[in-house]
There are 4 protein chains.
Amino acid sequence: MVNEHRSGPVRSTAAREAILDATARLFHNQGYDRLTIEGIAKEAGVGKQTIYRWWPSRGALIGECLAEGRLIPVDFVVPYTGDLSGDVEAWLRSVLAILDEPQGGALLRSLVAAATEDAGVGQHLGESLGVEEHLGSRLRAGIRDGQLAEDAPVAQIGRAILGAIIVESLGREKRDSEGVVRLARFLFAR
Amino acid sequence: MVNEHRSGPVRSTAAREAILDATARLFHNQGYDRLTIEGIAKEAGVGKQTIYRWWPSRGALIGECLAEGRLIPVDFVVPYTGDLSGDVEAWLRSVLAILDEPQGGALLRSLVAAATEDAGVGQHLGESLGVEEHLGSRLRAGIRDGQLAEDAPVAQIGRAILGAIIVESLGREKRDSEGVVRLARFLFAR
Amino acid sequence: MVNEHRSGPVRSTAAREAILDATARLFHNQGYDRLTIEGIAKEAGVGKQTIYRWWPSRGALIGECLAEGRLIPVDFVVPYTGDLSGDVEAWLRSVLAILDEPQGGALLRSLVAAATEDAGVGQHLGESLGVEEHLGSRLRAGIRDGQLAEDAPVAQIGRAILGAIIVESLGREKRDSEGVVRLARFLFAR
Amino acid sequence: MVNEHRSGPVRSTAAREAILDATARLFHNQGYDRLTIEGIAKEAGVGKQTIYRWWPSRGALIGECLAEGRLIPVDFVVPYTGDLSGDVEAWLRSVLAILDEPQGGALLRSLVAAATEDAGVGQHLGESLGVEEHLGSRLRAGIRDGQLAEDAPVAQIGRAILGAIIVESLGREKRDSEGVVRLARFLFAR
DNA sequence: GTGTAACCGAGACGGTACGTCCAGTCTTAAG
DNA sequence: CTTAAGACTGGACGTACCGTCTCGGTTACAC
C-alpha cells in the first residue's frame, strides 16, 4: 500500500500562468532564438528553478504554450459544405491569416525553429493547425463522397499544404496567399 | 575603368577551405544547434577573427557550405523519360536517400534550423535540392506534354513535396519513403 | 533599524579565498602585466563571472590582496627606542628586505604598475608599508622629543623615503640598501 | 673593399616623425594603458610593421619620445643664485607645473606605468626632469659652498624629491605643490 | 498545534560561447 | 629593400545564459 500523498504546498498555478504568459509574450516579441530561460523568469517574476522544476527545456515550454493556444489559435476547423476544394480553401485562408499579421512570417519561422529543437513542438505544430484532425477528417469525408481518390494519401496531403507554407516562409518570399490557395485547388481539381 | 585592387595580403584560400571543411564536418557530427564559431575555429586551426572577417554569422557559413555542396549533394537532377510521374519519383527517391542515411533526419532538421535563422540558407535550401531549377523544368515540360494542367502551380508543387518531407521530419515520424512517393503519385495521377 | 539581508544564496567564502589566493600566487610568479582575469579564474577553479561579480577590475583584486597582506607583509612597525634615526632605519631595513628577495624589484614594480592603474592600490600601498600610520607616528614622537623640527613635513618625509626606493627600482639600479639608509640618516641628522 | 651602399630606400624620417608624433599625441590623450601599436600605426598613417621594424616594444617608443622631449619638456634647469634651497625650489616648481596641467596627474602616472614596463623609460624619467644632471650638479655645488653636508647622498636626495611627487600622485591625493616644496625646504634647512 | 517536506523568489556558482580588440608575424603590390 | 595595408593565429576581454545549487521564507498535509 503506497501513500500517494505528500506534504507541502502543491504546484502554484499563479507561477505556471505567469511563466507561460511570459513565454508567449517574449516568443512573440523576440522570436525563439532570443528566448531565454532567464528572460522568462525575470519577465514572469519567478525563480529560474521554478521553471526547471516543471519543464525540462525551452522547447517543452513552447510546446505547452502551443498546445494551449497561447502562441497561435487552436481552433482551425474545416467546414463541411460538400464542396471539398472550397472547404479546404476556407481552412487554408484561416491558417494563412496568421502569416498576414505584421510579424507573421517571423512567428512561423520561430515555431519551426522550436520544432527543429524539440520533438514535442514538431508533433504539436501540425495538430495545432488542425492538419491531422480536422483537415484529415474532411479529406476522408471527401473520399467517402467520391471527390477524392480512394487511395489518396490523406496525411501526406496535409503535410504538403503545411509544408508548402513553411518552405515559402523559409525562403522569405513575399507573402502570397494565392499561391498556396492555387496549390490546394490543384490538389482537389479533377 | 579603375583598378579595384589594393596592396596588402590577400584572402587566404587555405583558411577559407579549412573553415568551410570544419563547418561541414561539425555540422554533420553535432548538428546546427551545437555548432559554435569557436568550435569551428579550433577544428579548422584558425583564429576566430578570420571567421568573423569573412562571414557575418553562423548562418552565412552554413549557407556557403550548402551552396558549394559541402553539406548535401547539389546535383539532384530530374530525368526526362516522358513519364512525368516516374521521373519525379526518381528525383524524389534521390532526395529521400539523404534521409535514409543514419543521421539523415537530424541533418534535415539542422538545415531547417539554419534556414529559420538565416535568410540565405532558406533560399539556398530548395535550390540545392533542385526543386526550382530541375524539378520546375521537368514540370513545365510535363505541361507542354499535356501531362499536367496548363495552370498547374509549378513552384508551389515543388514546395509542397519538399515541405511534406520537412513536416514529416519535424514530427519525428518514422521515416517512410513510400508516403511521400505516394503523395507524388497522387499529384500527377490523372 | 531595518533588516539589510535578502534571501538567496550568500557569497561563497571558498570562492573568494580561492580567487585571492590565485591572484596573489600569479602576481608573484608572473607580475602584474601578465596577470589576467581568465588566468586567475582558471587557477582558482572558478568562473570568470564570479570574479566580475565581486571585483570591478584587476586593480581592485590587487588592492584587496594588498590590504589583506597577501602580497607583502602588513606589519611594518617602527620601534621606539628614543633614537629617531635608528628607529626609522630599523623600519627601513625591514621594508628593504622585500626588495632583497629574488624577485623583489619586479614585485615592487608590479605593485607600482597596479597603483598607476587603480586608485585603491595607490592608496593602500603606503598604508601597507606602514608609511602613514607607523612611520608618521614615530616622526611625530620625534618632534615631541625635540629630535625633529616643529614644522617637519611628516607625511612628505614618509613619501620621500618610499618614493626614493620606488624611483631607484624604476631605474633598475643595482639594489643598494645602503643608499636609502644614507638618505634616512641624512634626513634625521642634525 | 666593402660597398657600404645598398639598394632600396633608407629609413623614412617622415615615418619616424609621424610615429613619434602620433605616439606622443595618443599618450597624452588616452594614457599609457590605452596606447596600442595598432592605434599608433593608424594615427600615423603607417604600417604596423614599420613600427615593429624600428622599435622592439611600446615602452621603447615611449622612451624615445621621452628622450626627445615629446612628452614633457627636457630643459628643467636648476638656477645658481647662491641660495641652495631657493634654487632647488625654483626647479621643483617648474617640475610641479606639469602636474598642475589639467591631466597632469594622469600624465605622470602614465609615465610611471611605462617605466614599470620598460627599463629604458625608467632610466630616462629622472634624466628628463634633470634630477641627476642639473639637480645633482646644483647639490654638489651646495656641498662645495658648505651649504650641504660633505657626505649628503646627492643622488638619493634627487630620487627622494621625485619619489615624493610620484607617491603622492599614486595615492591620488589632491595636488598640493606646497607639500613637496616644504619637503625641499626641510631637506636644506640647517 | 506542530513538524516537515515540497514549494517559492532570488540569485551565486562553475562553465561555455559570444563578438571585439590587439599582439606580433607574415604577405602582397608599389615605389 | 622599405613602405602602407592588412590578413593571419592566438589570447584575453567583459557579457550573456546555461543548468545546478543554496538560501530564507511560505504553505499545507501528517502526525
Side-chain angles (χ1 to χ4, degrees), chain A residues 3 5-12 14-15 18 34-42 44-54 56-58, chain B residues 3 5-12 14-16 18 34-42 44-54 56-58, chain C residues 3 5-12 14-16 18 34-42 44-54 56-58, chain D residues 6-12 14-15 18 34-42 44-54 56-58:
Chain A
N3 185 352
H5 299 306
R6 49 167 191 69
S7 72
V10 294
R11 178 172 184 177
S12 156
R34 305 212 173 186
L35 188 70
T36 67
I37 298 283
E38 264 179 16
I40 294 169
K42 178 161 276 184
V46 136
K48 278 204 285 180
Q49 193 65 270
T50 303
I51 298 178
Y52 283 111
R53 184 152 31 228
W54 302 110
S57 69
R58 204 171 55 135
Chain B
N3 185 351
H5 300 313
R6 53 161 196 76
S7 76
V10 97
R11 179 170 183 177
S12 158
R16 199 191 97 100
R34 306 214 171 180
L35 187 70
T36 67
I37 299 282
E38 244 166 41
I40 294 168
K42 175 163 280 183
V46 137
K48 272 202 288 183
Q49 198 58 50
T50 302
I51 299 179
Y52 284 111
R53 186 160 23 239
W54 301 110
S57 67
R58 206 170 52 133
Chain C
N3 186 352
H5 300 312
R6 55 159 195 79
S7 77
V10 96
R11 179 169 183 178
S12 157
R16 198 191 98 99
R34 305 213 171 179
L35 188 69
T36 67
I37 299 283
E38 242 165 44
I40 294 168
K42 176 164 280 185
V46 136
K48 273 203 284 182
Q49 198 58 50
T50 301
I51 299 178
Y52 284 111
R53 183 154 31 233
W54 302 110
S57 68
R58 207 169 53 132
Chain D
R6 49 171 188 68
S7 74
V10 293
R11 177 173 183 178
S12 156
R34 306 212 172 186
L35 187 70
T36 68
I37 298 284
E38 260 177 21
I40 294 168
K42 176 160 278 185
V46 136
K48 278 203 287 181
Q49 197 58 38
T50 304
I51 298 178
Y52 283 111
R53 184 150 34 231
W54 302 110
S57 69
R58 203 171 54 135

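Chain A is the first sequence line, chain B the second, and so forth, proteins listed ahead of strands; every chain is numbered from 1.
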In whole angstrom, what separates [X]'s [atom1] from [N]'s [atom2]?
X       : N      : atom1 : atom2 : answer
C/Ile37 : E/dC21 : CD1   : C1'   : 16 Å
B/Ile40 : E/dG19 : CD1   : C1'   : 14 Å
D/Ile51 : E/dC22 : CD1   : C1'   : 13 Å
B/Arg34 : E/dC18 : CZ    : C1'   : 18 Å
C/Arg58 : F/dC13 : CZ    : P     : 8 Å
D/Tyr52 : E/dT27 : OH    : C1'   : 16 Å

Five-pair end axes of the helix from E/dG1-F/dC31 to E/dG31-F/dC1 and the angle they enclose, rounded to 10°:
20°
Would you please name every residue forming a side-chain contact (heavy atoms from CB on, under 4.5 Å) with [X], sequence neighbours left out?
X       : value
C/Arg53 : C/Gln49, C/Thr50
C/Ala18 : C/Ala44
D/Thr36 : D/Glu38

Contacts of type side-chain hydrogen bond (donor to acceptor under 3.5 Å, both in side chains), residue C/Arg16, not counting sequence neighbours:
C/Glu64, C/Glu68
Flag if over 12 foreign heavy atoms under 6.0 Å of CZ, C/Arg11
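Yes, CZ of C/Arg11 has more than 12 neighbouring heavy atoms, counting only those of other groups under 6.0 Å.
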Return the minimal non-hydrogen interatomic distance between B/Gly47 and B/Ala41, and the atom names on each side.
C-CB, 4.3 Å
Working to the nearest 0.5 Å, report the span between CD1 of A/Ile40 and CG of A/Leu35.
4.0 Å
Return the CD1 to CZ distance between C/Ile37 and C/Arg58, rounded to the nearest 0.5 Å.
7.5 Å
Review item, nucleotides 5-7 of chain F N/O atoms under 3.5 Å of protein N/O:
residue : atom : partner : partner atom : Å
F/dA7   : OP1  : B/Arg6  : NH2          : 3.2

